[in-house]
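As the structure lists them, so they are numbered: ligands from 1, and atoms in each ligand from 1. Excluded from the calculations below are hydrogen atoms, water molecules and symmetry mates; all remaining heavy atoms, backbone and side chain alike, are included.
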Amino acid sequence: MAILLGSIADDYTGASDLANTLTKNGLRTVQTVGIPDPSLALPDVDAVVVSLKIRSVPASDAVTAATSAERWLRQRGASHVLYKICSTFDSTDAGNIGPVTKALSDAAGGGIVLVTPAFPETGRTVYLGHLFVGGQPLNESPLKDHPLNPMHDANLVRVLTRQSHGAVGLIDLTAIAAGPGVVKARLEALSAAGVTAVIADAIFERDLETLGEIALETAVSTGASGLGLGLARALVHSGRISSGGAASGDVIRPVGGLSAIVAGSCSKATLRQLEVAERSMPVLRLDPERLLAGPDEIAAAISWAGDRIAAGPVVIAASAAPETVTRLQSLYGREASGHAIETATSIITAELVARGVRRLVVAGGETSGAAVDRLAIPAFLIGPEIAAGVPVLRTVGNAQGDMLLALKSGNFGGEDFFAAALAMMH
Ligand code: ADP
């Protein structure tokens with residue numbers, strides 16, 4: 001079956017957030033890791049989110065990757081493609097939102113593109129073209145000090161103009177509140193005047209629903225998960241979604257096999273979740289210095305797991321309290337120690353899977369990314385949420401057979417998250 005909505009996300013966590021939002025709003029959704037192999041067999045889905053890592057790369061590289069993802073999505077029937085950006089519009093004057101938006105529009109034969117990073121649920125709103133992060137304009141929010149993309153201007157019409165060759169316009173809240181007919185007429189007038197992209201205001205979800213309805217009549221839009229929500233609701237409303245909004249239930253049908261938890265997040269929430277898990281499951285605390293010293297600690301961890309895992313889930317954690325982390329970082333450097341531990345936890349994860357683990361929880365954003373890369377999982381179907389923002393995932397096209405996963409960023413989930421996750425995976 002042809003997909004209805006395609007999306008290209010400029011980073012992995014943004015892709016996950018969008019895929020989860022689309023699922024919660026009624027679309028059966030697959031998220032891929034990178035541009036999928038042409039042979040990837042897709043299950044019957046409404047939407048595909050291709051995750052790329054192009055937020056901070058040179059604009060020409062971002063354009064090349066995004067346009068090849070676009071071809072893949074169009075070949076599978078996507079009539080609309082959303083370029084998923086960060087809800088804080090992370091970018092520099094050299095790109096990448098302007099150049100990628102233009103390239104995707106050109107590839108689809110041109111036409112004006114709606115652009116809005118609004119996502120009211122997370123406090124991102126746009127009024128008269130100005131982006132607010134909670135109660136602050138973007139340029140007064142913590143984003144002004146972002147290490148890669150510091151944002152010094154809240155006026156997105158100006159920001160996007162600096163990244164674009166064509167003229168950038170504005171569709172303001174008054175037009176949006178007046179409904180799709182007025183927005184459509186405004187877009188047509190701006191397009192006739194030579195405008196190639198418009199920043200659209202949005203404060204409430206209903207604004208994004210209006211924008212979603214209009215965007216679906218065009219080939220390309222650019223926005224954050226909020227615009228995804230608008231597009232998903234517009235598709236469901238149009239009656240084009242076969243599942244009628246019950247998108248995620250069968251994603252968690254049983255896979256069997258063994259289960260394990262691997263943690264590399266040192267966030268407060270994860271440390272507490274590990275303490276709670278210790279009451280009901282065997283937990284191995286890795287020695288980070290020994291992990292960095294050589295392969296013995298990895299081998300010992302795998303052997304420890306091998307002795308226990310047939311009896312029930314095991315937990316292996318590199319996670320440590322802030323004092324320990326700081327000490328290790330002062331000895332080996334922040335990046336080097338983090339990266340080395342990610343490599344170690346990903347090797348342990350792959351060894352566990354090789355020994356029959358099919359239900360897997362990974363705690364930590366970077367830790368999860370390294371594990372998924374090493375397992376070479378091409379794509380996931382998004383299931384129901386375990387905790388806000390953390391759905392159960394089912395692998396698609398995985399060489400080891402179907403697996404159920406939960407990939408948790410540091411601070412997500414309640415203190416019984418690990419047991420709650422495993423309770424949803426059979
Ligand atoms: P979070 O989602 O909580 O930010 P991440 O996995 O993204 O978690 O980041 C945690 C980082 O800390 C990873 O690079 C991981 O390898 C590293 N790490 C894990 N355990 C330790 C430790 N004991 N000492 C130092 N760094 C660690």
Side-chain angles (χ1 to χ4, degrees), residues 9 11-17 20 33 51 53 55-56 86 88 90 122 142 146-148 260-278 283-298 300-302 304-305 314-352 360-375 377 385-391 393 405-415 417-418 421:
D11 85 340
Y12 182 84
T13 40
S16 305
D17 188 55
N20 193 36
V33 183
S51 346
K53 283 185 194 157
R55 185 169 296 169
S56 310
C86 184
T88 46
D90 293 14
T122 56
H146 189 284
L148 297 176
I261 295 166
V262 177
S265 158
C266 302
S267 74
K268 211 170 149 190
T270 304
L271 296 178
R272 177 70 189 136
Q273 287 157 354
L274 286 166
E275 271 173 32
V276 171
E278 249 159 0
V283 177
L284 176 67
R285 305 280 188 167
L286 296 165
D287 178 335
E289 284 196 45
R290 280 176 51 87
L291 267 189
L292 295 190
D296 291 357
E297 182 75 351
I298 295 180
I302 293 159
W304 175 91
V314 298
V315 186
I316 297 182
S319 317
E323 318 77 75
T324 318
V325 173
T326 312
R327 208 179 75 80
L328 197 79
Q329 288 177 342
S330 65
L331 286 175
Y332 298 94
R334 180 191 293 264
E335 287 235 335
S337 56
H339 187 69
I341 294 178
E342 281 157 36
T343 304
T345 48
S346 75
I347 293 171
I348 292 170
T349 307
E351 291 293 333
L352 292 173
L360 176 70
V361 181
V362 186
E366 295 299 326
T367 308
S368 298
V372 166
D373 282 349
R374 186 163 295 264
L375 292 171
I377 297 171
E385 284 186 327
I386 305 156
V390 196
L393 305 172
L405 285 95
L407 306 176
K408 185 194 86 84
S409 296
N411 276 317
F412 284 45
E415 62 175 38
F417 177 83
F418 294 137

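- Annotation: salt bridge (Lys or Arg N to Asp or Glu O under 4.0 Å) contacts of Glu342 (sequence neighbours excluded): none.
- A side-chain donor-acceptor contact under 3.5 Å links Thr270 and Ser267.
- Checked for salt-bridge contact, Arg55 and Asp11 meet the test: a charged N lies under 4.0 Å from a carboxylate O.
- With sequence neighbours excluded, the residues forming a salt bridge (Lys or Arg N to Asp or Glu O under 4.0 Å) with Arg327 are Glu289, listed by chain and number.
- The salt bridge (Lys or Arg N to Asp or Glu O under 4.0 Å) test applied to Glu366 returns no partner, not counting sequence neighbours.
- Other residues, nucleotides and ligands contribute over 12 non-hydrogen atoms within 6.0 Å of the NE2 atom of His146.
- The protein residues lying under 4.0 angstrom from ligand 1, judged by non-hydrogen atoms, are Gly264, Ser265, Cys266, Ser267, Pro288, Ala318, Ser319, Ala320, Val325, Leu328, Gly338, Ile341, Glu342, Gly364, Gly365, Glu366, Thr367, Ser409, Gly410.
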